[in-house]
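All chains are named by letter (A, B, ...) in the order of the sequence lines, taking the proteins before the strands, and each is independently numbered beginning at 1.
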Amino acid sequence: MAGEVTRTPDENLESLIKEADTLKARLEDERLKLNDVTLSHVAERLDMISLLNVKPRRVLRGHQAKVLCSDWCADKRHIVSSSQDGKMIIWDAFTTNKEHAVTMPTTWVMACAYAPSGNLVACGGLDNKVTVYSLTSGENVSSQNVSSQKKTVGTHTSYMSCCTFPNSDQQILTGSGDSTCALWDVESGQMLQNFHGHTGDVMALDLAPSEIGNTFVSGSCDKMVLIWDMRTGHCVQSFEGHQSDINSVKFHPSGDAVATGSDDSTCRLFDLRADKEVAVYTKESIIFGVNSVDFSVSGRLLFAGYNDYTVNVWDTLKCTRVSLLIGHENRVSCLQVSPDGTALSTGSWDCTLRIWA
Amino acid sequence: MEASAADQGKGCTSRPLAFDKMEGLVREMQDPETGVPVRCQKLFLTSIPSAFMGYDLIEWLMDRLNIEESVEALHIGNLLCQYGYFFPVSDTKNLVVKDDSSLYRFQQTPLYWPWQNNKMPDNVEYAIYLLKRTMRNKQRHGLEEYEMEALNSLKSNLKNKWECITLQADEQVKKAKGMKKCDKIVLDSQERAFWRVNRPPPGFLNSLEYVPIPSRSRSSKPKKRSIEDVQREVDFLRRCLDRTRIKMSVALESLMQYCEMFCEWDPMVTPPQPSNPWTSEDPSFWSINSPIVEIPTEKRVRRWAISMEELVSDPTGLQEFTNYLRKEYSHENIRFWLAVNSLRRSSQREIPQRVKDIYSEFLAPGAPCEVNIDGKTMERTQQELKNPSRFTFDPAAEHVYTLLLKKDCYPRFRRSEMYKQLLAAGVQPSAKKRFFNFGPGKKKNQPQALLQQQQSTAASLSQQVQQGSLAGRRRGSDRSLSGSAHELAVSGVRDKDLNRTVSHSHSQSNLSDIPYRGDLPPACHSKVAPSIWSSLDPPGGSSDEGGGQARSTADDVCPWDSGPPRALAPEPTSQVGRTSRKNSSQLDSGGSSSDISIAIAEVSTHDGSCTP
């Protein structure tokens, strides 16, 4: 103890950094000890996946600028999407009708989300805010009406990059360029919890798929994937491996693993119980970054949207690409499997959204 | 070569990694030995210097990147072209690669590659370039209209620098005059292609568009970390070291098992029955699988047996489970658990009241629905109650969930007659649409079943189940004759019934409970509460409470169930209404698809109306 008192703060910092490095090395050793097989080896016994004939089934046209984000409604057919020019559109994707259009007082609306009830949507972007709009049901709601029923719930100190309602209309979880995530009370706008730990812009987050789940995952430009306890606000687990910004994270439907998509043009799978990376999905012919990933409902397929305008479909177990979906005419910025797994929505800088099935 | 590309990459922190990869690839392409063959190409009578052919490029890419389908190679070729690493010799406007003998030329000097030295070419350079062209042969170098406009606006914006700009342009034109013709052609085309990429004509894709996110400038100079930050990291790493890990093989095996088990329910792997609405334009899959249905499909019921999580995450599953527990007089556990879940998700303002309500209903001594938790958990909860929060009852709920619900109630539910009957009654939608030829016997049965349905407006669950099983037997006997649309029509009606009845009293449930008691194997319930089986009539209060519970379940667990059934079970009329709205609005394609859905909607209207 006495020794520590005489140290200068710099020395103290240095020794702490050293200690952190030693601990990191030990941690890596521990992980390696249990690294007895590789996924593609174990998956050899599986049959090749018989790929269904996935084709574009709908094109949603109406945005005048790049589509940046979209989210499915729990009713399995409505979609909310947001774009670079500040427009947010609610679609009936099945009929391709637009049901509401909202103009935001900002450009680059990078995130939007449907509440579980389908009665609210949230969005935000370069305005640093998360704004909630109520979509009261009824046929006669004009878009102006929707705009008037809005409420700013939370404000970050940099752009808001992602948001989601954590199984509740009453709360909203956001990630931001200020490198934090936050949980907000929708009604009061109170910040219920914030999550410090990333050292770069948070680009994506996803909720653990359990009903009682109190954890979520976030991915950031600091190349780290962090798992958080929503109750305590503590980071409980971290994964590294990517060589560039992480643009997308998604929980495996089992809740035991997370998939990530990065600017380094790879997708990766990290297992929470093995506490390490278990697969890398990459191919020599893929050189552009991944913007968005999502699993099919069994977790067998991973869909990934790339800056090279394509969607690659990966067999998560055999680590092979099973399909390449070409159709968009610019970057695929967002992608999501519908809640019942019957369709895949993609949004692109070519101003359209497409539904594949 | 590889190394120099990597070094450059390090300098440009804000540049996406893809540029490093493209540059690496293009350098390899330009290798005189192993790259794409570049030569002076003869085209009719003219010769075109330093060019390569489209199909040579595609072949090289397929070979180098192990690509199986030329479409993918073509796609990559197009991207490299759009980013300006090479360009079509004879087309200055469209940056498109074709898999044929059309000619392309590399941007040999990396100065003309996109995103060099972390800066975009500035307007002064652009002005010099445009001005240069106006000083030269008009036929070959004349400016496009958009370039004229750009030059004029640059002239007014860069007034104070214009002299200097003119001087430089002049000099460059002079210099060019001394060059060999062949070199001049190549250089001119490269310069032109460079500006085509960096200043695209209006309406053309700009692959180098500035993106404000992520704000990478921040990451170039990392914040200095404070002692607290590092201390936090050290603590975190220590905790990580203590974490128990499982072997890779074990983890992977369980991931594989999960995927294999759920493949059957994955519409992207196994085609859904009767059909995927997005491909068939027939939304019956959705109406059969609405969140709350009276008779779930057999497949759905089977899923409930996988785990308790699967059961309770399905609103219908949760409802059946709750009803089962109500019959066993142990539904206070699930109700408590649901109440705590909804507490965690309710708005901050309501928390104190909700905490109070939950305590007085489930935990207070002598509470009406007291749940049974151990002393230690109770103590902890009492402690938490001093400072009520969203998480006050988490330990208690956890206890109830793992010890009572998951380890006791759920396995019993899975073994129960009720579950078996649900399974037997489950709808088996078939992909084949043979709904026009049901047998005569079926026609007689159907209205009867419907009649029963309508009589039981105060449908308690067991009644539903009984009818379900009846219906199931009927279906079982002539399943081959049953058609999906027919069943759809029926379930649609039932959906409506259910929605209407949720708020009704459940007073009849006592009576309908009776046959069930016989069905249950005695061993099952003797453990729980043997006393209840001695009396046929449940205590007076319970039925009303049951009604309330059904309501609150719907409210709390899945708010979207309580609202109007919206698009989930689209009624034919609303479907038509929607399409007509669509027609009136000025929308794009997809018209044909909605026509089909009208047709289908009409078919089902027809069907629905003839059934009762």
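- Residue contact with chain A, scored on non-hydrogen atoms closer than 4.5 Å, involves the backbone and the side chain of Arg238(B) alike.
- Two residues are said to be in side-chain contact when any heavy atoms from C-beta on lie closer than 4.5 Å; Leu46(A) and Glu260(B) meet this criterion.
- Contact between Tyr258(B) and Ser298(A) at its shortest, heavy atoms only, is CD2-O, 3.5 Å.
- At a threshold of 4.5 Å between non-hydrogen side-chain atoms, the residues Met268(B) and Val313(A) do not count as touching.
- Asn214(A) has its side chain within reach of Arg344(B): a pair of non-hydrogen atoms, C-beta onward, lies under 4.5 Å apart.
- The candidate with the highest count of non-hydrogen atom pairs below 4.5 Å against chain B, out of Leu192(A), Leu324(A), Thr310(A), Asn247(A), is Leu192(A).
- Heavy-atom pairs under 4.5 Å with chain B were tallied for Gly341(A), Ala20(A), Ser262(A); the largest tally goes to Gly341(A).
- Remark: the backbone N or O of Ser296(A) is not paired with any side-chain donor or acceptor of Asp266(B) at under 3.5 angstrom.
- Using a 4.5 Å heavy-atom cutoff, the side chains of Lys76(A) and Pro277(B) are not in contact.
- Both the backbone and the side chain of Arg64(B) come within contact range of chain A, judged by heavy atoms closer than 4.5 Å.
- Of the two parts of Asp350(A), neither the backbone nor the side chain holds a non-hydrogen atom closer than 4.5 Å to a non-hydrogen atom of chain B.
- Proximity to chain A is limited to the side chain of Phe285(B), based on heavy atoms less than 4.5 angstrom apart.
- Contact annotation: the side chain of Val297(A) approaches that of Pro267(B) to within less than 4.5 Å [non-hydrogen atoms, C-beta and beyond].
- When all heavy atoms of Phe288(A) and Ala18(B) are compared, the pair lying nearest together is CD2-CB, 3.8 Å.
- Contact annotation: the side chain of Glu209(B) approaches that of Gln84(A) to within less than 4.5 Å [non-hydrogen atoms, C-beta and beyond].
- The shortest heavy-atom contact between Ser346(B) and Asp185(A) is O-OD1, 4.5 Å.
- In this structure, Ser347(B) and Glu187(A) approach most closely via the heavy-atom pair OG-OE1, 3.4 Å.
- Leu17(B) is not listed as a side-chain neighbour of Ser265(A), based on a closest heavy-atom distance of 4.5 Å or more.
- No side-chain donor-acceptor contact under 3.5 Å links His75(B) to the backbone of Tyr309(A).
- Using a 4.5 Å heavy-atom threshold, the side chains of Arg57(A) and Asn276(B) count as separate.
- Contacts of residues 243-250 of chain B with chain A at a heavy-atom distance below 4.5 Å involve Arg243(B), Thr244(B), Arg245(B), Ile246(B), Lys247(B), Met248(B), Ser249(B), listed in sequence order.
- Here the two rings, on Phe262(B) and Phe295(A), have centers that are 6.0 Å apart or farther.
- Trp108(A) and Val211(B) get closest at one heavy-atom pair: CH2-CG1, 3.9 Å.
- Neither the backbone nor the side chain of Glu350(B) comes within less than 4.5 Å of any heavy atom of chain A.
- Judged by distance alone, the side chain of Lys21(B) and the main-chain N or O of Asp264(A) form a donor-acceptor pair under 3.5 Å.
- When the candidates Ala343(A), Ala357(A), Gly125(A) are compared by the number of heavy-atom contacts under 4.5 Å with chain B, Ala343(A) comes out ahead.
- Nearest heavy-atom pair, Ile287(A) versus Ile76(B), reported as atom, atom and distance to 0.1 Å: CD1-CG2, 4.4 Å.
- Heavy-atom pairs under 4.5 Å with chain B peak, among Ser188(A), Ser161(A), Ser238(A), Ala257(A), at Ser238(A).
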